[in-house]
Q: 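Have a look at this one before I ask anything.
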Amino acid sequence: WIYADDITPTRTHLQHVLFAVGLDGQVMEGSQLKHTGEDWEFEAPYLYDFTSPNTWAVKTGVQSGTWTRKITNLDDGLRYQCASAFKATTAYPEWTCSGYAPIPGRETRDMGRKDYDTLDRVTRVIAYGNSWLERQDNVKTIDKGQGRTPLARETGKNWYVRLPDSECDAARAFVEPRHEFWQLTREAWDQVLVGDRPFVEKVAAPGTPSRYWKMSELEDDVLTPKADLTNPTVRAQVVAKVKQLIQDFRAN
């Protein structure tokens, strides 16, 4: 399920939520998961450009008429950003952008891959009204500080099709009690990523909790029992805790 939060008249956040269905058509209990986010902003004043493992540099002077697409990871932290204009001269509006990105979290967290650490990627998004197509052309790349060495190339596509909301009832029920906390998490990141300096992540020591894991623990603490997130004081306290957690895993 993908839902939209309009943040400003020129910025929209799309949150992806995964869930699995068995061969019997029934939702698999506990399979719901907050996945990646897409943050689209028109004529963004700056973006964070991934330059090497764990490092993002601030890029200013983004051209007018462009949409910056920021892809976030499971705790709303940086993955990669890219700015380009939508073409209006093609049969359907399309947006194409190339950039550098870290290795997907699933490949290190879940698969334990160590043979590469970055992606040199090209993304093309085509809007078809009630559906959109995302094509990817990626080169898995080894970046050890002595230059970039290509390892393998992958191409693929994701096709998103609008279905009745009821098809995603399990995901919607999963999001409902968490939506406010996720909004506050994003607000905290917005207050950190203000374009004043690069962002460098600390590498978690082997056997220690990751930032994502600590963020999940904070979410559980806030939601069990559920804090009153309509209270401005409570909201400010939660944002402060998220910002502190971000700082704990920041190297600069």
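All residue numbers in this chain count up from 1 along the given sequence. These numbers were taken from a predicted model, which means no experiment stands behind them.
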Q: Looking at NE2 of His179 and OH of Tyr3, how far apart are the two atoms once the value is rounded to the nearest 0.5 Å?
A: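 His179 NE2 to Tyr3 OH: 4.0 Å, rounded to 0.5 Å.
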Q: Under the ring pair (Phe, Tyr, Trp, His ring centres under 6.0 Å) test against Trp95, which residue among Trp40, Phe42, Trp132, Trp67 passes?
A: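 Single pass found, and it is Trp40.
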Q: Quick one: closest heavy-atom pair of Ser98 and Cys82, and the distance?
A: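 Nearest pair, atom of Ser98 first, then Cys82: O-SG, 3.2 Å.
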Q: If you measure from OG1 on Thr230 to CZ on Arg235, what distance do you get to the nearest 0.5 Å?
A: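 Thr230 atom OG1 to Arg235 atom CZ measures 8.0 Å (nearest 0.5 Å).
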Q: Side chains of Asp39 and His13: do they bring a donor and an acceptor to under 3.5 Å?
A: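 A donor-acceptor contact under 3.5 Å links the two side chains.
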Q: Hey, are Gln191 and Lys243 close enough side-chain-wise for a donor-acceptor pair under 3.5 Å?
A: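 The criterion, which ignores hydrogens and geometry beyond distance, is satisfied for Gln191 and Lys243.
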Q: To the nearest 0.5 Å, what is the distance between NZ (Lys59) and CD (Gln81)?
A: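 The CD atom of Gln81 is 10.5 Å from NZ of Lys59, to the nearest 0.5 Å.
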Q: Hydrophobic side-chain clustering at under 4.5 Å (ILVMFWY, transitive links): who's grouped with Val203? Put none if nobody.
A: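 Its cluster partners, ordered by chain and number, are none at all.
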Q: What's the shortest heavy-atom distance between Ile246 and Arg211, and which atoms?
A: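 Where Ile246 meets Arg211 most closely, the heavy atoms are CA-CD, 4.5 Å.
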Q: I need the minimum non-hydrogen distance between Pro198 and Ala57, along with the two atoms involved.
A: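 That would be CB-CA, 4.3 Å.
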Q: Under the criterion side chain to side chain contact (heavy atoms under 4.5 Å, CB included), I'd like the reasoning laid out for Leu223 against Glu219: C-alpha separation, chi angles, the key distance, then a yes or no.
A: CA-CA 6 Å; Leu223 299 182; Glu219 180 177 330; 3.7 Å; yes
Q: On the six-membered ring of Tyr116, is Arg113 placed so that its NZ or CZ lies under 6.0 angstrom from the centre and within 45° of the ring axis?
A: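 Cation-pi check for Arg113 and Tyr116: fails.
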Q: Among residues at least two apart in sequence or on other chains, which ones pass side chain to side chain contact (heavy atoms under 4.5 Å, CB included) with Asp120?
A: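 Expected list: Tyr100, Val139, Thr141.
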Q: Just how far is it from atom CZ of Phe50 to atom CZ of Arg79, taken to the nearest 0.5 Å?
A: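 Taking CZ in Phe50 and CZ in Arg79, the distance rounds to 8.5 Å.
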Q: Walk me through it: do Arg250 and Lys202 pass the test side chain to side chain contact (heavy atoms under 4.5 Å, CB included)?
A: CA-CA 5 Å; Arg250 186 173 186 172; Lys202 290 180 183 177; 5.9 Å; no
Q: Could you please spell out the steps behind the side chain to side chain contact (heavy atoms under 4.5 Å, CB included) verdict for Leu193 and Trp56?
A: CA-CA 11 Å; Leu193 302 176; Trp56 290 260; over 6 Å; no
Q: Apply side chain to side chain contact (heavy atoms under 4.5 Å, CB included) to the pair Glu134 and Gln136, showing each step before the final yes or no.
A: CA-CA 7 Å; Glu134 179 182 359; Gln136 298 186 45; 3.6 Å; yes
Q: If you take all heavy atoms of Thr68 and Ala44, which pair is closest and at what distance?
A: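 Smallest heavy-atom distance, with atoms named: OG1-CB, 3.7 Å.
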Q: Are side-chain N/O atoms of Thr12 and Asp6 paired as donor and acceptor at under 3.5 Å?
A: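 Looking only at side-chain atoms, Asp6 and Thr12 do form a donor-acceptor pair, the distance falling under 3.5 Å.
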